[in-house]
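This report concerns only the one structure given below.
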Amino acid sequence: MTTPQGLDVRFRLNGRPEQLHLQPQELLLDVLRERLGLTGAKRSCDLQVCGTCTVLVDGWAVSACSTLALEMDGADVTTIEGLASDDALHPLQDAFVRHGALQCGFCTPGMILTCAAMLEERPSIDTDGIREHLEGNVCRCTGYAGIVAAVHEVARAQGPVRTPTTEHEDHQ
Amino acid sequence: MNTEQTTIVGQPIPQNQSPDKVTGRAVYTGDISLPGMLHAALVKSPVAKGRLLGIDDEAARGMTGVRAVITADDLRRSPIGCRDIRYGVVVRDRPILAEGRVCFVGEPVAAVVADDPRTARAAADAIMVEVEAEDAATDLPTAMDDGGPVVHPDAFEVEDGLYNTPIQLTYGDTNVCLEFEAAEGDVDAAFEAADRVFERSYTFPAVYQYAMEPFTVLAEAGDDRITVWSSAQHPSQVTKDLARLFGRPLSDVRVVVPFVGGGFGSKSFTHVEPLAVALSLATRRPVRLELDVAEAMTISRRHAARSTVRIAVDASNRLIGYDIDLAYDTGAYTLLGPFVAVAGAYRGLGAYAFPAYRTRSRLVHTNLPPAGSFRAVGGPQAAWGLEAQLTRVAVDLGLDPLEFRRGLVAERGEVFRAQRTPMDANLHDGLDVLAGFMGDDVAPAPALEGQWSVGTGMSLGACNPGASPVSTALVRLSADGSVVVSGGSTELGQGVKTVLRQIAAEALGVAYERTSVMATDTGYGPYDASTGASRSTTMSGLAVQRAAQQIRRRVQALAAEQWGCEPEMVEVADGVATGPDGPSISLGDVVRRHFGHNGGNFFAAGEVVQSEFPTTPAFWELAGGVVTAAVDRETGQVQLLAYGSFADIGRVINPLQMEGQELGAIVQGIGHTLFEQLVWEEGQPLNSSMIDYRVPRAGDVPSTLRSRFIENGDGPGPYGAKGGGEGGIMPVAGALAAALQQATGALVDDLPMTPERVWRAVRAAEEQDAEGGAA
């Protein structure tokens, strides 16, 4: 099921240049998973609502399951595999581990990337803001409390000083 | 009571391999690619019930990239060569592919294998299935009607071995395939003597477990070996089914479980693994079968249920008789249904020592997708009617619902169910925790517009975890002092591998960091009956503890021999054996010295067998919840403000994992209480996507969540642990119903409590108030 013509697409992927010959119908999620071996983005709802396939495109959190790979031409793409630096986890990754913000881990890559984009935009977001922002990322295991606590800890560390709240018991 | 002091057990250690999960390195079944791997797609029944007249696959077979198309006719023939095509947990009713007739919309009737998923899907769509549709039983009331459509006129073979007593089901002219009843005391006399009888019926919807990873399997099968990678919860059971279906010895079938993207019961038992194996045998290539969400919704779900609860009260406001009548919709194939119905019958009695009771439970076939396991099987459905009704009776009698329950719960040591394990906890501790939560001030609802009323309610939940107490484990000490643990319980995210490492480290005397744990692999790894029913920490944990203790004793014996002392005088801690006079040796050196070589291993196997547990359940899983909620009387909208819970857990091996299990269970309970339900119209699914089927989002969870774990070291597991992780889901609906009742007087009988249902219940309560006022 390929069309005769494809297109050459150049973009940056996790900080490195990438060039691919793509068919117009190819989805970003398939290209990442099947052609580039980056399986951190997961397929689940396939409808852009659950968030497991989230990647960052020019800093925006997008659903790779419903994004055409061709649209990556000239873009800067970050997947979960590119978030940590060589010797250290990203603060969100580290906080997720410590707070028990994950169980099965299937939603985790998308969840962390969504939160990374969110913190870029709203570095001092409060817990209500975090909950609201996570509408597009579903976790079926944790009940979200650990996720909210982990993200809030990173937000507090990055943003202006805020009133401390206890984990899982914030009364905002 | 186990009061052993521990240093590693009890620590909030982050989950095993969680760095892999946050960096995308964790490999799930669908992430595995093998050389030459093909992709499968399913052709499914378009109707709920009918005779299969023909399958036209000519166009599909001619498509470029299609490698095979198979139907039921191909299964017994070479090159697939099935010995049988039906399998099941209790009854072998489910075919690998529908043969002769179809029983629900979405039942696989054919499968395509192609070079890539798109081609496979396109070919599957090009296959025409001709079915003569028949009248179908697509809901519980229709299925229970005499003279209505019958799902299965003919009986199926009974599966052997999983449970001690084979269960015979009824087929023929009824869809009620199992009827179970238990009673103690003279319940009829109690109702005759009653001053007042309270009766009400409740319904509970079919809900989907919604593991985020849809069921996925990769099979590589040939004449000499079958290897399957599957997101299976119970790989030992899958191994056994594959061996029987394809006529292979157990030793030639290997099921590997990579990272699993959530289970909650949906991945319990054998699902599409036999189909993937058949496709691999048909093509002699590795085949990946990755279900989409709509397909995954047809492999397992929670049983929809109805219950009628009757309570007899005497003139002194004492409960003297209790009667619950349950019906569970098990769908077209039974999966664990018979067990669910029986478990539900007991779970509908809670932890209460009723003076006289009767519980009846019926299991009903429908032309809907099969219902299987979901966290606390059968329990939330039964607890819903029980707990909602207890609150209503208490309120009606002018009694405090919590104190009313306090007078009913079984006391520690009391035999409150004939031939069952006596109560192994002090439930008053839990009730005290709930009473404390109820007295707490809760943050006010934030700036609510509309006519909001706030209420607080409580409920209990009691499970008789029923899975077989059968586990094995292997522990290996290497020549550098590091330890490998393997158990047969699969890691679904519940944290079992972390907990098993902690138990092994504690029991052997090494640091947690010196341990690692293997992926579950039935090719070489130990057997385990299942991963579910709150049994991993207790049963698999016990097997690991016993294996680790054997290695510790061996180390002590070898060191003692060298130092000329008694083995029990040798201390083993943090990877070092120390003698009474101070000599010490690292565990790695004990291994090397024994072998006289720079390498070697000490292996030990641990096991748990059924006969160790003469009565069931192995422990009672007891939980309770308190919820404070705001209700908008104008719109029926409900907002949860705070939730508090207790779990009577014996000993917490890892507080971080345990809290995750508890909160996860509560939030899944919020899902079925407020909005989750699978909807069908004449068997056609109406909401098989995440857009139409809402699971709780972060914003649906109350901002105040508190859980308390009661630890008395009184469980049968390692260090006095009981199982956990299921109980928390049971009290949610009952607690919220109580909160709504307190806030508005509304009585909701049907879950989920949609705004419309709540609004109607609020209106009904207001009208009754007005009438009462007028009279």
Side-chain angles (χ1 to χ4, degrees), chain A residues 1 25 30 33-34 37-47 49-50 52 79-81 83-84 89-90 92-94 96-109 112 127-128 130-148 168-172, chain B residues 12 14-15 17-28 30-31 33 65 116-119 122 209-214 259-264 290 292-293 443 446 492-495 656-657 659-668 689-691 695-699 701 703-706:
Chain A
M1 294 267 291
Q25 77 277 19
D30 293 328
R33 290 179 55 81
E34 306 294 337
L38 296 173
T39 55
K42 303 299 182 197
R43 182 184 299 283
S44 185
C45 77
D46 244 351
L47 291 167
V49 291
C50 78
T52 62
T79 69
I80 193 67
E81 289 89 347
L83 194 63
L89 294 177
H90 183 277
L92 276 170
Q93 292 172 318
D94 181 61
F96 266 57
V97 169
R98 285 183 291 101
H99 284 272
L102 57 92
Q103 286 183 28
C104 82
F106 204 77
C107 75
T108 308
I112 287 175
T127 53
D128 282 343
I130 294 167
R131 284 195 193 90
E132 195 180 342
H133 200 98
L134 289 180
E135 176 69 15
N137 287 78
V138 174
C139 169
R140 188 58 156 168
C141 294
T142 63
Y144 301 99
I147 296 171
V148 174
H168 305 179
E169 272 201 55
D170 51 282
H171 295 271
Q172 305 215 1
Chain B
Q15 200 182 100
Q17 292 182 300
S18 46
D20 289 338
K21 291 181 178 176
V22 297
T23 53
R25 288 196 303 262
V27 174
Y28 298 73
D31 300 335
S33 288
D116 63 88
R118 265 170 204 285
T119 307
Q209 298 91 342
Y210 221 127
M212 294 308 293
E213 174 201 39
F259 283 85
V260 178
F264 321 115
E290 191 172 11
D292 62 27
V293 167
L492 309 169
Q494 82 280 44
L656 191 63
Q657 310 307 322
E659 179 160 281
Q661 283 295 291
E662 182 75 359
L663 297 185
I666 290 165
V667 172
Q668 287 182 354
S689 79
M690 187 166 268
I691 292 176
V695 299
R697 311 291 170 97
V701 176
S703 53
T704 301
L705 281 169
R706 291 165 297 187

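A quick note: this is a predicted structure, and the numbers were derived from the prediction, not measured. In what follows, chains carry the letters A, B, and so on, assigned in the order in which the sequence lines appear, proteins first and then strands, with residues in each chain numbered from 1.
At a threshold of 4.5 Å between non-hydrogen side-chain atoms, the residues A/Val138 and B/Met690 count as touching. Using a 4.5 Å heavy-atom threshold, the side chains of B/Tyr210 and B/Gln668 count as separate. With a 4.5 Å cut-off on side-chain heavy atoms, B/Arg118 and A/Asp30 count as touching. Between B/Asp292 and B/Pro214, every side-chain heavy-atom pair lies at or beyond the 4.5 Å cut-off. Using a 4.5 Å heavy-atom cutoff, the side chains of A/Val97 and A/Gln93 are not in contact.
Chain B forms more heavy-atom pairs under 4.5 Å with one residue of A/Leu134, A/Leu38, A/Leu102 than with any other, namely A/Leu102. When each of B/Val695, B/Leu492, B/Val22 is checked for heavy-atom pairs under 4.5 Å with chain A, B/Val22 comes out on top. For the options A/Gly37, A/Gly136, A/Ala84, A/Cys50, heavy-atom pairs under 4.5 Å to chain B are most numerous at A/Cys50. Of the residues considered (A/Val49, A/Asn137, A/Leu83), A/Val49 shows the highest number of contacts with chain B, using heavy-atom pairs under 4.5 Å. Comparing A/Cys104, A/Gly143, A/Gly40 by heavy-atom pairs within less than 4.5 Å of chain B, the highest count is held by A/Cys104. Considering only heavy-atom pairs separated by less than 4.5 Å from chain A, the leading option among B/Gln209, B/Glu290, B/Glu213 is B/Glu213.
Within the 4.5 angstrom heavy-atom criterion, no atom of A/Asp94 approaches chain B. For A/Ile112, the part lying near chain B is the side chain, with the backbone staying farther off; criterion is any non-hydrogen pair under 4.5 Å. If you measure heavy-atom distances from A/Glu132 to chain B, you find no contacts under 4.5 Å at all. Using a 4.5 Å cut-off between heavy atoms, B/Gln661 touches chain A through backbone and side chain atoms alike. Proximity to chain B involves both the backbone and the side chain of A/Ser44, based on heavy atoms less than 4.5 angstrom apart.
Side-chain atoms of A/Tyr144 come within 3.5 Å of backbone atoms of B/Pro696 as a donor-acceptor pair (strictly under, hydrogens ignored).
Between A/Phe106 and B/Tyr28, the angle of the ring planes goes over 60°, which puts this pair in the perpendicular group of the 30/60° scheme.
Residues meeting the salt bridge (Lys or Arg N to Asp or Glu O under 4.0 Å) test with B/Asp31, sequence neighbours left out: A/Arg33, A/Lys42.
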